[in-house]
Amino acid sequence: MDNISYVGNADVNAIDHLYKMYQQDPESVDIGWKRFFEGFEFSKTNYDSDNEVPENFQKELKVLNLINGYRTRGHLFTKTNPVRERRQHQPTLALENFGLTESDLDLVFKAGEEVGLGAVTLRQIIDHLKKTYCQSIGIEFMYMREPHMLKWMLNAIELTNRPTFTKEQKTEIYKKLMQASGFEAFLGKKFVGQKRFSVEGLESLIPALDALIKKGSDLGVEHFVMGMAHRGRLNTLANIFEKRPRDIFAEFEGKEFDFNEEFDGDVKYHQGYTSEVEKNGKKIQLTLSPNPSHLEAVNPVVEGLSRAKLDKYFNNDLSKVCPVLIHGDAAIAGQGVVYETVQMAGLDGYKTGGTIHIVTNNQVGFTTNYLDGRTSTYCTDVAKTTLSPVFHVNADDVEAVIQVIEIAVAYRQEFKQDIFIDLLGYRKYGHNEGDEPKFTQPNLYNIIAKHKNPSELYLEKLIPESNLSKEEASSYINAYQEYLEAEYAESSKMSKATVFDFMEKEWKELKRATKADFDTSPETGVSKEKLLELGRKLATLPEGKKYFRKIEKIFKDRLDAIEGDKLDWGSAEMLAYATLLDEGHPVRISGQDVERGTFSHRHAVVKTEDNEEEIVTLNLLSEKQAPFSIYNSFLSEYAVLGFEYGYSMATPNGLTIWEAQFGDFFNGAQIMVDQFITAGEDKWSTQSGLVMLLPHGYEGQGAEHSSGRMERFLQQAADLNIQVINTSTPANHFHLLRRQMKRQFRKPMVVFSPKMLLRYPSAVSSLDEMATGRFQEVIDDPNAQANKVDTVVFVSGKFYYEASEKAASMGVENMAFVRVEQLYPFPEKQINAILEKYNAKNIVWAQEEPENMGAWQYMAMKMRDKNIIGVTRPESAAAAEGSKELHLKRLAGLWKNLFRFATVNA
Ligand SMILES: Cc1ncc(C[n+]2csc(CCOP(=O)(O)OP(=O)(O)O)c2C)c(N)n1
Ligand SMILES: [Mg+2]
């Protein structure tokens, strides 16, 4: 039975058995077979309905089995590769593999109705199937599980077969193809040997994107958000986004950017772009996300950008925004973030109504042949994770490419799910224009050198069809070349290259930060009455519902904390959100288990005990409030952080937060931090107010539950790129979160958030501390008497409590414990003021992290003129000790080291 769906093992008895099962219970067989039997139930009605299956009915079954064979395996026998023979796959679709013979070819079969032909000969059926499934398009879709979707797809491909384009449409397609080739040829001529990552061999990408936008806009899409790597990006910018070629040429000419000094910029094929184009009389918004070299990393960022646009402008109408991801064949197969992104597609917190994935498949990754690039048959096999259909299409057959693009966008609009197009072409040159491909693929590149480009091939088809004359084509080619020449002339007059504002519309109210902006923090207090009003609302569960007793207690404690003026971390955090929501700033939080909170401190979402109704008190504040969204993420860091980064880039007015389960796990998303979060503004002049909450602190929980790797962020801190924070009080956390929305610019922020302090009796704040004031970058020691202090110990986060309490227990009075709550931007003025106040003999940085981690090396650098002394755990390869015992032992060593400065005996 296992082999029954393989046509090579087609055994009529087995099918007969399956059919009997189907008759007893249609649900007992696979959907493919169910569909298959449904389709020819009609045949049966024409035969005697006794239990014996007559011979001609058996033959009908064989023909149906053959139809099924083409549908499921036809894609293995296509002509989709323009430059190579395809690999051989077994079993083939030969007649004998279905128990049929040549002599059956001219018999008439009712099974033809299954493919919309009516009763016709087997020859006609096969001819139709070959045209549909085994020419320039190969389709994988029979694994789709929903019958209505399967039916839609069958209709789209079998009934439409090859569409006939009008003369005008063909001319349009030709023009786009000609522009794609013409643009590359022009760059090749003017900028010899410069990297441009030519699209040649896959030029049909350009008419494909053009058709995608046209068809998509006909079907209601108003905004396309795209992500793509190097290949064909400049061509896409010029011919799809309508970026002026002169601006691209100015970049090729190496002109300086017209921008401030600190801006480092990025290579021309990484910059983002936003534009508005007109298609069929409609204005369509196009966004191309900036992109680092790290292949596929942009995928979740595009999804986040798309989701933000859906939430903000379209009330979550998924038909209005369409994400498009363009992948390389090697990258899509090799990079795990593709899988993570695909897994997000249907999740409540992340869905964007289906992504159109296009693979620019040139059958090679740099020098690596596709055979060494993957185990799966196709580079797109990740699509099967979500049972998404895949079209493999010969990139030389541009009409076939347009056909599948149009089906894909219609499918996406109909079902709001992902779909893949594997555009199979070749790479005309080496990896870049200075690279020699014959070192590694001599045979293939001999063939490619002689292969005509797709626009020539298309012209050769159009001329005999009388759809285009040679003269007309020449006039189009000449006009385009003249246009490029004119643009080239303009570019040489430009003194600087332009930096384009990415998503200017969203960001026009905001400015860029300067150093002076960090001298102090803005006022972020909220009146006590307002805090009490909002606090009561967020801490009161709606009446008339049944709650778990422990939850009622937590909410009562929260209310008591607010009314009793002793706010713990969780209450202060919730109040920060409530006030921001009340002031019109949407708040979005995602991460693993964030709804309750990993450490059970948040309870932003409460489930009723009897029917699991979700109660979110932060959405019950007032009619006018901004929305609060909180989502438990799936178990990913890389894609989720990328998504939230993208979301924040499109949502300057909202607070976007990603929380790690423990800070230790953030490094699964290290690429997002290095390539986007810390460097985005410097490379692409984009801004983001993303907040990363990384639970951090040495509490004896082991090597992977202790450290958010502060040292890594501090090493990257430069040019005011991020804010690195380790706060110690609920009130400061409150001001910190509010500050993020109350400045005229946005900066990503990483917060080493506490675990222990969530329930630490002395880590509480009063409403007064939140009603006035601002975020304090540095907090002086409230207990120190300046005249007694000869040693100033700078500390950070929860370690303050441990160190100062230890000192108090020892009766130490000569040491002041000063908290550096903001590590970067370095609060130099505030630190100097404190040092002046104490005029101490010893200046110490004390931390619980090992010597090679934490903020020590950074502080040593920032305070190198102050003879600062470091007190740390000993250097360590692992981030923390593996047991509580060893943790305590090392802590004892740390105290010994620190309190050598004490003037009392320990
Ligand atoms: C994550 C990552 N690893 C390695 C590289 C280096 N690299 C640049 S292009 C390339 C090959 C990409 O092949 P493919 O995805 O097929 O795109 P193509 O250049 O063929 O269009 C590699 C390995 C990179 N940019 N990113
Ligand atoms: Mg490739």
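Note that ligands are numbered from 1 as they come in the structure, with each ligand's atoms numbered from 1 the same way.
In this structure, H75 has its ring center at least 6.0 angstrom away from the ring center of H89. For W684 and F676, the gap between ring centers is short of 6.0 Å. For F502 and Y273, the distance between ring centers is not under 6.0 angstrom. Ring pair F666/F713: centre-to-centre distance below 6.0 Å.
Atom 11 (C) of ligand 1 has as its closest protein heavy atom F366 N, 3.6 Å. Protein heavy atom at the shortest distance from atom 17 (O) of ligand 1 is G328 CA, 3.8 Å. Nearest to atom 7 (N) of ligand 1 among the protein's heavy atoms is L295 CD1, 4.1 Å. Looking at atom 13 (O) of ligand 1, its nearest protein heavy atom turns out to be G365 CA, 3.2 Å. The protein heavy atom nearest to atom 16 (O) of ligand 1 is D329 OD1, 2.7 Å. The protein heavy atom nearest to atom 21 (O) of ligand 1 is R231 NE, 2.8 Å. Taking atom 9 (S) of ligand 1 as the reference point, the nearest protein heavy-atom neighbour is H431 CE1, 3.1 Å. Scanning the protein for heavy atoms near atom 15 (O) of ligand 1, the closest one is A331 N, 2.9 Å.
Here H230 has side-chain heavy atoms under 4.0 Å from ligand 1, and that is the only part of it that gets that close. With a 4.0 Å cut-off on non-hydrogen atoms, Q335 touches ligand 1 through its side chain and not its backbone.
Taking the Mg ion (ligand 2) as the apex, the angle formed with OD1 of N362 and O of V364 is 90°, to the nearest 10 degrees.
Under the 4.0 angstrom criterion for non-hydrogen atoms, V364 is in contact with ligand 1.
Taking the centre and axis of the six-membered ring of Y488, the NZ or CZ atom of K190 falls inside the cone set by 45° and 6.0 Å.
Under 4.0 Å is where a charged nitrogen must lie from a carboxylate oxygen, and between E406 and K214 no such pair does.
D329 has its closest N, O or S atom to the Mg ion (ligand 2) at the position named OD1.
Atom numbering of ligand 1 starts at 1 in the shown order; those under 4.0 Å from a heavy atom of S293 are 24 (C), 25 (N), 26 (N). Proximity to A330 (heavy-atom distance under 4.0 Å) selects the following atoms of ligand 1: 13 (O), 14 (P), 15 (O), 16 (O).
Aromatic ring pairs are classed by plane angle as parallel below 30°, tilted from 30° to 60° and perpendicular above 60°; the pair F141 and Y133 is parallel.
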* What do the steps show when you test R84 against Q363 for side chain to side chain contact (heavy atoms under 4.5 Å, CB included), and what is the final call? -> CA-CA 10 Å; R84 281 200 250 233; Q363 311 181 46; 2.9 Å; yes

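Within the 4.0 Å cut-off (strictly below), no protein heavy atom is located near atom 3 (N) of ligand 1. Distances from atom 23 (C) of ligand 1 to the protein include no heavy-atom value under 4.0 Å.
Donor-acceptor pairing under 3.5 Å is lacking for the side chains of Q670 and N667. A donor-acceptor pair shorter than 3.5 Å can be found between the side chains of T287 and H223.
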